[in-house]
2 protein chains.
Amino acid sequence: MKRNSRLSLALHSVAHMASEPDRLRTSAEIAEHAQTNPVVVRRVLGKLRQAGILKAEKGHAGGWQLARAADRISVADIYLALDERLTPVSEDAPPRCSVEHALERRVSLIMDQAERDLIENLKGLSIAEARFPIDT
Amino acid sequence: MKRNSRLSLALHSVAHMASEPDRLRTSAEIAEHAQTNPVVVRRVLGKLRQAGILKAEKGHAGGWQLARAADRISVADIYLALDERLTPVSEDAPPRCSVEHALERRVSLIMDQAERDLIENLKGLSIAEARFPIDT
DNA sequence: TTGTCGAGTAACTGATATAGTTGCATGACT
DNA sequence: AGTCATGCAACTATATCAGTTACTCGACAA
Ligand code: FES
Ligand code: FES
């Protein structure tokens with residue numbers, strides 16, 4: 001895979017689980033569907049569990065399940081649960097001159113606004129509806 | 001540095017050059033300002049040269065210079081010149097089921113729209129004005 | 001015309017991020 | 001008690017990127 005396959009994996013897994021919401025699935029099953037590794041699945045879906053999107057049960061009849069109906073899970077929920085922001089402008093290095101500081105601040109403001117708008121738009125797309133093709 | 005320091009380097013270098021547009025600067029000078037390496041500077045600024053934002057001259061009195069006035073260079077110009085898109089959803093792997101295909105398509109449409117909006121906003125910010133602090 | 005200097009570029013190194021893997025502890029059900 | 005699945009730590013492999021070295025090409029000067 002490549003960078004940021006985590007979002008793809010999370011979206012596909014949740015969408016797949018939405019087809020049979022009552023069925024418990026093991027990480028091994030989900031990994032097979034996504035053609036990856038059970039531990040990778042548990043790592044990524046673990047974030048969704050912490051965010052309250054999924055439930056996981058240990059033990060003999062354990063597995064993963066949606067925590068609520070698919071039409072109440074938005075793509076924004078999943079995007080935010082993974083906690084991976086865009087923010088291409090680095091804030092870690094202390095700016096070495098006032099010009100750089102002013103410039104990065106202005107660009108960061110625009111970037112942050114863009115991401116907020118993106119999240120707003122992703123909020124309008126639920127997993128339930130995202131599973132079906134677009135008409136146009 | 002960290003990921004996407006190229007945009008920071010490009011922005012800072014162009015902003016610095018805007019303070020004395022007529023002066024030619026060598027990659028060694030620019031690298032010293034940005035606390036990095038001359039080859040790295042040439043790699044990044046080379047993209048801006050290809051995009052027509054900067055001019056570079058070889059030889060004894062060679063160096064780098066803005067190709068046009070700073071108020072006619074927008075942050076979007078630089079962002080686009082580097083040709084690094086966001087697009088967190090991978091398109092390289094062929095989708096393995098129709099659900100994944102539909103879902104990634106819908107998410108991609110929203111992501112692409114967000115990036116187009118971002119670029120529109122960056123177009124409104126020129127290097128000339130970005131060099132000064134924000135009032136608010 | 002020859003030497004110097006700077007851009008341009010290819011090749012390599014080191015650091016970092018991420019997917020994948022192994023192994024084991026914990027907890028739930030049989 | 002035994003089985004099975006999650007949770008998690010540690011490790012490996014790979015890709016990306018900044019940094020570095022070492023060259024070629026071209027422009028200008030002596
Ligand atoms: S394999 Fe079930 S949604 Fe793709
Ligand atoms: S050092 Fe000149 S603009 Fe930052």
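Every chain is numbered from 1, with letters handed out A, B, ... down the list of sequences.
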*Residue pair B:His33 / B:His16: nearest heavy atoms and the distance that separates them*: NE2-NE2, 2.9 Å
*B:Met17 versus B:Leu24: any side-chain heavy-atom pair under 4.5 Å?*
no
*Matching residue for A:Ile73 among A:Leu66, A:Leu54, A:Leu48 - test: side-chain contact (heavy atoms from CB on, under 4.5 Å)*: A:Leu66
*asked:* Please pick, from C:dT22, C:dA7, D:dG7, the nucleotide with the shortest atom-to-atom distance to any side-chain atom of B:Ser27.
replied: C:dA7
*asked:* Between P on D:dA27 and CG on B:Leu24, what's the gap in Å once rounded to a whole number?
replied: 15 Å
_Interatomic distance, B:Leu82 CG vs D:dA18 C1' [rounded to whole Å]_ = 15 Å
*Could you state the CD-C1' distance from A:Glu32 to C:dG20, rounded to the nearest angstrom?*
17 Å
_According to salt bridge (Lys or Arg N to Asp or Glu O under 4.0 Å), who are the partners of B:Arg23, at least two apart in sequence or on a separate chain?_
B:Glu20, B:Glu29
*Counting side-chain heavy atoms from CB outward, which of C:dT22, C:dA7, C:dT26 is closest to A:Lys58?*
C:dT26
*OP1 or OP2 of C:dA19 less than 4.0 angstrom from a side-chain nitrogen or oxygen of A:Arg43, does that happen here?*
no
*Tell me whether the OP1 or OP2 atom of D:dA18 has a side-chain N or O from B:Thr36 closer than 4.0 Å.*
no
*Could you tell me whether the phosphate oxygens of D:dA5, OP1 or OP2, come under 4.0 Å of any side-chain nitrogen or oxygen in A:Arg25?*
no
*Just how far, in rounded Å, is P of D:dA27 from NZ of B:Lys55?*
15 Å
*Under 4.0 Å between any heavy atoms, over every strand shown, what does B:Gly46 touch: base, sugar-phosphate, or nothing? Just pick one.*
nothing
*asked:* Please check: side-chain N/O of A:Glu129 versus main-chain N/O of A:Asp71, any donor-acceptor pairing under 3.5 Å?
replied: no
*Between C:dG6, D:dA22, C:dG8, which nucleotide gets closest to the side-chain atoms of B:Val39?*
D:dA22
*To the nearest Å, how far apart are A:Arg6 CZ and C:dG20 P?*
11 Å
*Does A:His60 or A:Glu57 map to a spot on DNA chain D nearer the 5' end, using the closest nucleotide for each?*
A:His60
*Given C:dT18, is OP1 or OP2 found less than 4.0 Å from the side-chain N or O atoms of A:Ser5?*
no
*Can you tell me the distance, in whole Å, between the CZ atom of A:Arg42 and the P atom of C:dG23?*
14 Å
_Side-chain N or O of A:Asn37 closer than 4.0 Å to phosphate OP1/OP2 of C:dA19_ = no
*Rounded to whole angstrom units, what separation is found between the CZ atom of B:Arg49 and the C1' atom of C:dA7?*
8 Å
*In whole angstroms, how far is the C1' atom of C:dG6 from the CG atom of B:Leu45?*
14 Å
